[in-house]
Engineer: 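One structure, pasted below without further comment.
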2 protein chains.
Amino acid sequence: MEKPKESSVERLRSGILDLIRDLDLSFGDKLPTEKELSERFQVSRPTLREALKLLEQEAVIDVHQGKGRFLAAGALLSIARPITKFESVSQMVASHGYSAQTRLLGFATVPADPDIAARLSVPPGSPLIRVERLRHSNGQPLVYSLDWLPKALFDADPATTPDWSGSIVALLAGIERGPVASTANVRATLLPQEVSTLHGLDGFGPALLIEEICYASDGTRVIYAMDYHRGSAFSFSFVRK
Amino acid sequence: MEKPKESSVERLRSGILDLIRDLDLSFGDKLPTEKELSERFQVSRPTLREALKLLEQEAVIDVHQGKGRFLAAGALLSIARPITKFESVSQMVASHGYSAQTRLLGFATVPADPDIAARLSVPPGSPLIRVERLRHSNGQPLVYSLDWLPKALFDADPATTPDWSGSIVALLAGIERGPVASTANVRATLLPQEVSTLHGLDGFGPALLIEEICYASDGTRVIYAMDYHRGSAFSFSFVRK
DNA sequence: TTTCATTTACTTGTCAAACAAGATGATTCA
DNA sequence: TGAATCATCTTGTTTGACAAGTAAATGAAA
């Protein structure tokens, strides 16, 4: 099993965020000095500075040599649903406040077309598993998902059939191939016409399409996903700098 | 004038990215060790580590104690149109490959409604300037923008009328209030009905709406913007981790 | 008293050297 | 052969020091 063993820098980072909350600091306020922080958290200044550098990059704090560190714009939404946080669709839906169910619309083993083969870095024509699903809550469709996975991932245990109605992320984690990061692309579009008509999703409206390639911890590409998020139900926040 | 004086850590960060390109490293390859890098760039290990930490956070490199640092997923698209890079709409349109023109649809001085007042952190009812614009290229509408700015920003020089058909970012930079960062939110939607009909934008289709609050370097909020990006023309990339 | 230059203390920026801890491969010994 | 040990390489962390930028106190000159 993978045991990342949270580094002290990562612990520091959240410790500092907690401290900001505890001290009730807001925009423009001054943070304690490096000396005070390193004493409070019992770490050396170089280590502390690595953590502060991360918060700088996230635009949570501004730094001015000789003056100190000050809360910046990012502090205002350092938590709220950042689009850059990797999580499964199920988690994401939950964090938006929906208790959703998954409906398996279909799955099949298909040959990789050149486009998708390139994205997953597998030979064209090699077998992929294509899974089509819909998350919905109280009859309202929320996310329409298409996933492609290399069939080879499951060749070790060909007897059992995976349960595609559950979390694919969890499924892959079970065979030591859990995705940990992705490169993604976002744009606005409509559901493809045939999807709307075939599955009765006419009222879905404009969708936020996130296309992503998910990577396992060893760097192999394990999923290519197209997730259509219903525009009226989802939004994501981030800091630009 | 603002002279950020690029820190050595920032210089290191791009230096390392250049080195990765020069050495033609790709996914999974091993980076030079901290010792080699600190010698090559003539900096100490603690300083180098601050820069490496940034690249870690961007998911450009993975680190394993005792083994080394390795290129990760983010390296594949560390350049391509990241949504988290702050830039003006004009710059963004250009970086997507369009040579666009701006059409000023209207502007007015209006009282701040409570919602927008809160976002700009000004008293409700205080005077704002509302600017409505459209970028288009070869007759194709690309981005429909609504901007609100505190009128107080321009009180120092009330004689001249700003030119709203140019870049607002550049305009603010001219009075030492150029925005440097923003907190943003993205979702998919359609153009508001009345906008479509009033300005003949029926074929616009689904839009990627980016709402953002822009901050000047002193932390004051200078713009609240709603930018509707035509879905068929724009997409943004990022790394999730 | 007011003004301006200087000093002093404080803050972040950077460095050097050392040791701890995890990983890897070679060596040694049974 | 096989397994334990060791040397070595890598990243993780600490200590102490000095450089550089800022701001406030100080004190001399007008």
Side-chain angles (χ1 to χ4, degrees), chain A residues 1-16 19-20 23 25 28-72 75 176 180 217-219, chain B residues 1-16 19-20 23 25 28-72 75 217-219:
Chain A
M1 203 69 248
E2 186 90 345
K3 189 61 124 355
K5 195 208 175 192
E6 190 179 44
S7 79
S8 75
V9 170
E10 206 46 48
R11 231 177 316 117
L12 262 179
R13 184 184 157 281
S14 35
I16 296 168
L19 182 63
I20 290 171
L23 298 182
L25 301 180
D29 291 347
K30 187 175 180 305
L31 265 78
T33 66
E34 294 186 359
K35 183 165 178 294
E36 287 169 358
L37 288 174
S38 62
E39 282 165 4
R40 173 187 289 263
F41 291 109
Q42 290 287 300
V43 297
S44 67
R45 269 188 69 214
T47 301
L48 173 73
R49 284 176 57 87
E50 289 187 20
L52 290 170
K53 208 76 192 176
L54 294 183
L55 293 172
E56 254 176 71
Q57 172 158 286
E58 291 174 53
V60 172
I61 57 183
D62 260 352
V63 59
H64 299 282
Q65 182 175 357
K67 289 163 70 174
R69 290 190 155 84
F70 303 86
L71 272 250
E176 311 292 318
V180 296
S217 63
D218 63 355
Chain B
M1 204 68 251
E2 186 89 345
K3 188 61 119 1
K5 195 206 177 190
E6 189 179 45
S7 80
S8 76
V9 170
E10 206 45 48
R11 231 178 317 117
L12 262 180
R13 184 184 157 281
S14 34
I16 296 168
L19 181 64
I20 290 171
L23 298 182
L25 301 182
D29 291 348
K30 187 173 180 303
L31 266 77
T33 66
E34 294 185 359
K35 183 164 178 293
E36 287 169 358
L37 288 174
S38 62
E39 283 165 2
R40 174 188 289 263
F41 291 109
Q42 290 287 300
V43 296
S44 67
R45 270 188 68 212
T47 302
L48 173 73
R49 283 175 60 86
E50 289 187 19
L52 290 171
K53 208 77 192 175
L54 294 183
L55 293 172
E56 254 177 71
Q57 171 154 294
E58 292 173 53
V60 172
I61 57 183
D62 260 353
V63 59
H64 298 281
Q65 183 175 358
K67 289 163 69 174
R69 291 191 155 83
F70 303 85
L71 273 247
S217 62
D218 63 355

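For clarity, every value in this text was computed on a predicted model and none was experimentally measured. Below, chains carry the letters A, B, ... as their sequence lines are ordered, and counting in each starts from 1.
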Engineer: Ignoring backbone atoms, establish whether B/Thr47 has a side-chain N or O less than 4.0 Å from OP1 or OP2 of C/dC15.
Structural biologist: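 Yes, within the criterion.
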
Engineer: Test of understanding: with side chain to side chain donor-acceptor pair (under 3.5 Å), list the residues that count as partners of B/Glu34, not counting sequence neighbours.
Structural biologist: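 Result, side chain to side chain donor-acceptor pair (under 3.5 Å) vs B/Glu34: B/Arg45, B/Arg49, B/Arg69.
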
Engineer: What is the distance from NZ of A/Lys67 to C1' of D/dA23, rounded to the nearest Å?
Structural biologist: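 Answer to the nearest Å: 10 Å.
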
Engineer: In residues 32-45 of chain A, which residues come under 4.0 Å of DNA chain D by heavy atom?
Structural biologist: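 The answer is A/Gln42, A/Val43, A/Ser44, A/Arg45.
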
Engineer: Can you name the residues that form a salt bridge (charged side-chain N to carboxylate O under 4.0 Å, His left out) with A/Lys35, not counting sequence neighbours?
Structural biologist: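 Here the qualifying residues are A/Glu39.
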
Engineer: At under 4.0 Å, does any side-chain N or O of A/Arg49 touch on OP1 or OP2 of C/dG13?
Structural biologist: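 It does, given that an N or O in the side chain of A/Arg49 lies less than 4.0 Å from OP1 or OP2 of C/dG13.
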
Engineer: Measure CG/A/Leu31 against P/C/dT11 and give the value in whole Å, please.
Structural biologist: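 After rounding, the reported distance stands at 13 Å.
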
Engineer: Tell me: NE2 of A/His64 to C1' of D/dA23, nearest whole Å?
Structural biologist: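 Those two atoms, NE2 and C1', are 14 Å apart.
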
Engineer: Rounded to whole Å, please give me the gap between CG in A/Asp62 and P in C/dT12.
Structural biologist: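 Atom-to-atom, A/Asp62 to C/dT12, this comes out as 13 Å.
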
Engineer: OP1 or OP2 of C/dT11 versus the side-chain N and O atoms of A/Arg69: is any pair under 4.0 Å?
Structural biologist: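 No, A/Arg69 has no side-chain N/O under 4.0 Å of OP1/OP2 on C/dT11.
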
Engineer: Starting at atom CD of B/Gln65, determine the distance to atom C1' of C/dG22, rounded to an integer number of angstrom.
Structural biologist: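 It is 5 Å, rounded to the nearest whole Å.
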
Engineer: Starting at the 5' end of DNA chain D, which residue's closest nucleotide do you reach first, A/Pro46 or B/Val63?
Structural biologist: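 That would be B/Val63.
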
Engineer: Find the distance B/Lys53:NZ to D/dG12:C1' and express it as a whole number of Å.
Structural biologist: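 Result: 9 Å.
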
Engineer: How many Å lie between CD1 on A/Ile61 and P on C/dT11, as a whole number?
Structural biologist: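 Answer to the nearest Å: 16 Å.
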
Engineer: With sequence neighbours left out, write down each residue that passes side chain to side chain donor-acceptor pair (under 3.5 Å) with B/Ser44, or none if nothing qualifies.
Structural biologist: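 With sequence neighbours excluded, B/Ser44 shows a side chain to side chain donor-acceptor pair (under 3.5 Å) to B/Thr47, given in chain and number order.
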
Engineer: Using the rule side chain to side chain contact (heavy atoms under 4.5 Å, CB included), only one of B/Ile16, B/Val60, B/Val63 pairs with B/Leu52; which is it?
Structural biologist: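 Among B/Ile16, B/Val60, B/Val63, the one that satisfies the side chain to side chain contact (heavy atoms under 4.5 Å, CB included) with B/Leu52 is B/Ile16.
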
Engineer: What's the CG-P distance between A/Leu48 and C/dT11, to the nearest Å?
Structural biologist: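 Taking atom P of C/dT11 as the reference, CG of A/Leu48 is at 14 Å.
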
Engineer: Could you tell me which residues satisfy side-chain contact (heavy atoms from CB on, under 4.5 Å) with B/Phe70, sequence neighbours excluded, listed by chain and number?
Structural biologist: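 With sequence neighbours excluded, B/Phe70 shows a side-chain contact (heavy atoms from CB on, under 4.5 Å) to B/Lys30, B/His64, B/Lys67, given in chain and number order.
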
Engineer: Who are the side chain to side chain donor-acceptor pair (under 3.5 Å) partners of B/Ser38, not counting sequence neighbours?
Structural biologist: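 Expected list: none.
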
Engineer: Can you name the nearest heavy-atom pair linking B/Pro32 to B/Leu37, along with the distance?
Structural biologist: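 Answer, listing the atom of B/Pro32 first, then B/Leu37: O-CD1, 3.7 Å.
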
